[in-house]
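Worksheet: the structure to be examined is printed underneath.
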Amino acid sequence: MLDIRLLREAPSAVKARLETRSSQFPDLVDQILAIDARRRESETRVQHLRAEKNRLSKEIGMMKKSGGDSSEFENQVKGFASEMDDLGRLATELDAEQRDLLLRVPNLPSPGTPEGREAADNAVIRSWGVPTPSNSEDHVTIGERLGLFDLERAAKISGSGYVIHTGAGARLERALINFLLDLQTRSHGYTEVAPPVLVRRDCMEGTGQLPKFEEDMYGFDGGDSFLTPTAEVSLTNIHRDEILSVSTLPLKYTACTPCFRREAGSAGRETRGMIRMHQFNKVELVKICTPEQSSAELETLTADAEKVLQLLQLPYRVLELCTGDIGFSAARTYDLEVWAPGQGAYLEVSSCSQFNDYQARRMNLRYKNAEGKNVFCHTLNGSGTALPRLYVALLETHTKPGGPLILPDPLQPYFGAAQIG
RNA sequence: GGUGAGGUGGCUGAGUGGUCGAAAGCAGCGCUUUGCUAAAGCGCCGUACUCCAAAAGGGUACCCAGGGUUCGAAUCCCUGCCUCACCGCCA
């Protein structure tokens, strides 16, 4: 959430920055400022009435104590009680309305974020490895041939968008998870966490999935709790409503959890195979740090995710997303796209984002700085990485048509063999 | 799921209708004194919002959350959430 004071003090700068995302946002800012003005006006009047009420009540107390007659004062207080109630209600309403609208304003893109409207405007900033020619089998063919997973029976029990990993395929999934978590904890210093995947509504608001994207989420109990679409939600919210000691920062957490997404509006897109799922495993990396640390932490976070692809010998490229393509809560984002020869395309396997204090403000996550002031933290996250697309790239890259899947060296001890098939 | 007990400031913990944003202690900060990694004394020490051009200084709200009773609520009532204990059920 943006600081309302920033909107008040520099509305045109804020609107100009939001405009680079989409033209719908400047109007929203005006709407919020109008409500803010009304809200403050009614709040001020209520406060004055309450001050008067408190003063009279205090006098009544003293009169009662000394045995005087206070009925005149009592009537006086009663006299403006209803005006006070009305104004108070109005102020509360406007406050809620303002907050709700403010929660629907996305983060300001960082100054360095390239401007652009759509994915085509993203900037390729580096690539690694040489993409293999796209004449291999696709992962569905390989998976069927080697008996690694079963999409049809998954559809039978859960519908489309689910997978059953079977036999060596299930073991490979487990080997990948262990490899990824060990890499991030042992080599990169993240603390492993095994969080709940069902969270309360306020956590989903904290990281920015709600209120705007409720139709993409699996909700329960009338919208009180949700299955998390990414471990980002659980991990970043761990310290919500806390004031952290600066000496503990940056905090670095990783977790592998199932992720649940309705993918509303994505029907028909990339539906073959495991590229877009309603449930999938993902290793997530989350950092909580100070504003000063934040930008450098984005670079190391991205490098931590890239290491996965390098070790697994999977060619990839890194994009810096443009203003029109970065996520709602993000100020700046690098996407890692792995080459999938069977698709003849790059697949997004990680999105590494810097949120500045946008999420922290939503979840009231602060730290006490050297001057003893409570300051909002900065948060970051990225995948390290999503399993299904990593799996797809692994199969399509390391399998020759009709041949076995040759596992990259670092994976072999985790799987317990050098190849499958 | 049932029963019971609770949720007060960074922590411990008083406070059962009025002058309580809240005693006291601890921790923290500042000063003084004592020549020795410490003690004692004194002072300061919550957050958010808001008014004022700003500072100074006011004001309002906050004792888990939301409602209610009352001229007045940390205190009484209702609901919810959470914690603890025991019972039941269960991977």
Side-chain angles (χ1 to χ4, degrees), chain A residues 1-11 32-103 194-206 210 219-226 234 237-249 251 258 357 360-377:
Chain A
M1 163 164 83
L2 299 179
D3 189 346
I4 181 66
R5 275 171 294 202
L6 183 63
L7 303 209
R8 258 183 234 147
E9 285 158 19
I32 289 168
L33 288 174
I35 289 170
D36 183 54
R38 289 175 61 207
R39 192 202 100 236
R40 281 192 293 164
E41 189 196 333
S42 55
E43 211 164 90
T44 303
R45 289 171 62 196
V46 171
Q47 289 185 355
H48 287 148
L49 285 173
R50 288 208 181 121
E52 181 67 2
K53 182 197 81 172
N54 288 346
R55 195 181 61 79
L56 289 173
S57 292
K58 218 168 255 190
E59 290 205 29
I60 290 168
M62 287 189 284
M63 288 174 90
K64 293 227 159 149
K65 202 163 217 177
S66 59
D69 175 18
S70 59
S71 55
E72 192 183 318
F73 279 2
E74 288 181 33
N75 288 331
Q76 217 173 318
V77 174
K78 280 181 191 165
F80 55 76
S82 76
E83 186 187 358
M84 213 168 53
D85 283 355
D86 291 347
L87 275 171
R89 237 187 303 277
L90 179 65
T92 309
E93 259 170 44
L94 290 172
D95 193 63
E97 204 177 322
Q98 178 181 324
R99 183 179 160 80
D100 183 66
L101 289 176
L102 211 46
L103 287 175
V197 296
L198 191 68
V199 300
R200 296 169 179 280
R201 166 172 280 272
D202 55 8
C203 290
M204 296 285 274
E205 282 182 358
L210 296 182
F220 296 88
D221 298 334
D224 286 345
S225 46
F226 294 84
S234 312
N237 276 285
I238 286 176
H239 296 289
R240 68 171 9 255
D241 291 317
E242 290 186 24
I243 298 173
L244 302 170
S245 160
V246 67
S247 61
T248 64
L249 303 179
L251 289 168
D357 62 5
R361 183 172 280 110
R362 285 176 164 243
M363 62 180 75
N364 198 26
L365 165 60
R366 296 171 293 176
Y367 73 99
K368 204 173 271 295
N369 71 11
E371 290 83 54
K373 280 280 171 209
N374 297 334
V375 183
F376 287 113
C377 299

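Lettering of chains follows the sequences in order, A, B, ..., and the numbering in each one begins at 1. Everything numeric here is computed off the predicted structure, so don't read it as measured data.
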Q: Determine the contact category for A:R45: base if any of its heavy atoms lies under 4.0 Å from a base atom, sugar-phosphate if only primed atoms, P, OP1 or OP2 are that close, otherwise nothing.
A: nothing
Q. Taking any strand in view, what nucleotide pairs with B:G88 in a Watson-Crick or G-U wobble way, both distances under 3.5 Å?
A. none
**Q.** Any strand: nucleotide that pairs with B:A22 via Watson-Crick or wobble, under 3.5 Å
**A.** none
Q) Taking atom CZ of A:R99 as the centre, does the number of heavy atoms from other residues, nucleotides or ligands within less than 6.0 Å exceed 12? A) no
Q: For B:A14 versus B:A24, give the span between their P atoms, rounded off to a whole number of Å.
A: 15 Å
**Q.** Phosphate OP1/OP2 of B:A48 contacted by A:N374 side-chain N/O (<4.0 Å)
**A.** no
Q: Considering just the side-chain nitrogens and oxygens of A:R366, establish if one lies under 4.0 Å of OP1 or OP2 belonging to B:U47.
A: no
Q: Whole angstrom is fine here: how far is it from CZ in A:R89 over to P in B:G66?
A: 16 Å
(Q) By the 4.0 Å heavy-atom rule, please label A:R8 as base, sugar-phosphate, or nothing. (A) sugar-phosphate
Q.
List the residues meeting side-chain contact (heavy atoms from CB on, under 4.5 Å) with A:S57, not counting sequence neighbours, and say none if there are none.
A. A:K53
Q: Please report, rounded to the nearest Å, how far the P atom of B:U60 is from the CZ atom of A:R50.
A: 10 Å
Q: Using the P atom on both, measure B:G21 against B:C63 and round to a whole Å.
A: 11 Å
**Q.** C1' gap between B:A61 and B:A73, integer Å
**A.** 14 Å
Q | Atom C1', compared across B:U19 and B:C77: separation rounded to whole Å | A | 26 Å
Q) Taking NZ, NE, NH1 and NH2 as the nitrogens, is one of them in A:R5 or A:D3 under 4.0 Å from a carboxylate oxygen of the other? A) yes
Q. Does some side-chain heavy atom of A:P195 sit less than 4.5 Å from a side-chain heavy atom of A:I238?
A. no
(Q) In the structure I gave you, are the side-chain heavy atoms of A:V197 and A:P258 within less than 4.5 Å of one another anywhere? (A) yes
(Q) For a quick check of understanding: with a heavy-atom distance under 4.0 Å over all strands, which category does A:L56 fall into, base, sugar-phosphate or nothing? (A) nothing
Q. Which whole number of Å gives the distance between the C1' atom of B:U8 and that of B:C62?
A. 12 Å
Q. For B:G35, what is the paired nucleotide under Watson-Crick or G-U wobble rules, both distances under 3.5 Å?
A. none
Q. How many Å lie between NZ on A:K78 and P on B:U69, as a whole number?
A. 13 Å
Quick test: give all pairs of protein nitrogen or oxygen and nucleotides 19-21 of chain B nitrogen or oxygen below 3.5 Å, distance rounded to 0.1 Å.
{"residue": "B:U19", "atom": "O4", "partner": "A:K65", "partner atom": "NZ", "Å": "2.8"}

**Q.** Nucleotide opposite B:A27 in a Watson-Crick or G-U pair, distances under 3.5 Å
**A.** none
**Q.** Interatomic distance where CZ belongs to A:R40 and C1' belongs to B:C52 [whole Å]
**A.** 13 Å
Q | Sequence-distant partners of A:R39, salt bridge (Lys or Arg N to Asp or Glu O under 4.0 Å), two or more places apart | A | A:D36, A:E43, A:D95
Listing time: all N or O pairs from protein to nucleotides 72-75 of chain B that are below 3.5 Å?
{"residue": "B:G72", "atom": "O4'", "partner": "A:S57", "partner atom": "OG", "Å": "3.4"}

Q. Given atom CG of A:L49 and atom P of B:G59, what is their separation to the nearest angstrom?
A. 16 Å
**Q.** Base partner of B:C62, which must satisfy Watson-Crick or wobble distances under 3.5 Å
**A.** B:G46
**Q.** Under 4.0 angstrom between A:R5 side-chain N/O and B:C49 OP1 or OP2
**A.** yes
Q: Considering only atom C1', compute the distance from B:G25 to B:U34 and round it to an integer number of Å.
A: 25 Å
(Q) My understanding is that only residues two or more places apart in sequence, or in another chain, count here; which of them pass side-chain contact (heavy atoms from CB on, under 4.5 Å) with A:E41? (A) A:R45
(Q) Can you tell me the base-pairing partner of B:C82? Count Watson-Crick or G-U wobble geometry only, both distances below 3.5 Å, and say none if there is no partner. (A) B:G6
Q. Please give, in whole Å, the distance from B:G28 C1' to A:I243 CD1?
A. 14 Å
Q. Taking for each residue the nucleotide of RNA chain B with the nearest heavy atom, is it A:F73 or A:E41 whose nucleotide lies nearer the 5' end?
A. A:E41
Q.
Just to be sure I understand the rule, does A:N75 reach a base, reach only the sugar-phosphate, or reach nothing, if contact means heavy atoms closer than 4.0 Å?
A. nothing
Q | Nearest-Å distance for atom pair CG/P, residues A:D202 and B:G80 | A | 19 Å
Q. Think A:R200 has a side-chain N or O under 4.0 angstrom from the OP1 or OP2 of B:C82?
A. yes
Q | Minimum side-chain heavy-atom gap A:L94-A:E97 below 4.5 Å | A | yes
Q: Could you walk me through whether A:C203 and A:R240 pass the side chain to side chain contact (heavy atoms under 4.5 Å, CB included) test, one step at a time?
A: CA-CA 8 Å; A:C203 290; A:R240 68 171 9 255; 3.9 Å; yes
Q) Considering every strand shown, what is the Watson-Crick or G-U wobble mate of B:A53 when both distances are under 3.5 Å? A) none
Q. B:G72 and B:C20: how far apart are their C1' atoms, nearest whole angstrom?
A. 13 Å
Q | Protein-nucleotide distance (A:E93, atom CD; B:G67, atom P), rounded to Å | A | 12 Å
Q | Sequence-distant partners of A:D86, side-chain contact (heavy atoms from CB on, under 4.5 Å), two or more places apart | A | A:R89
(Q) If I pick the C1' atom on B:C26 and the same atom on B:G9, what distance separates them, to the nearest angstrom? (A) 13 Å
Q.
Could you check whether any side-chain heavy atom of A:F376 comes within less than 4.5 Å of a side-chain heavy atom of A:L365, counting everything from C-beta outward?
A. no
Q) Is there a side-chain contact between A:L251 and A:L244, using heavy atoms and a 4.5 Å cut-off? A) yes
Q: Hey, which sits more toward the 5' end of RNA chain B by its nearest nucleotide, A:T44 or A:A51?
A: A:T44
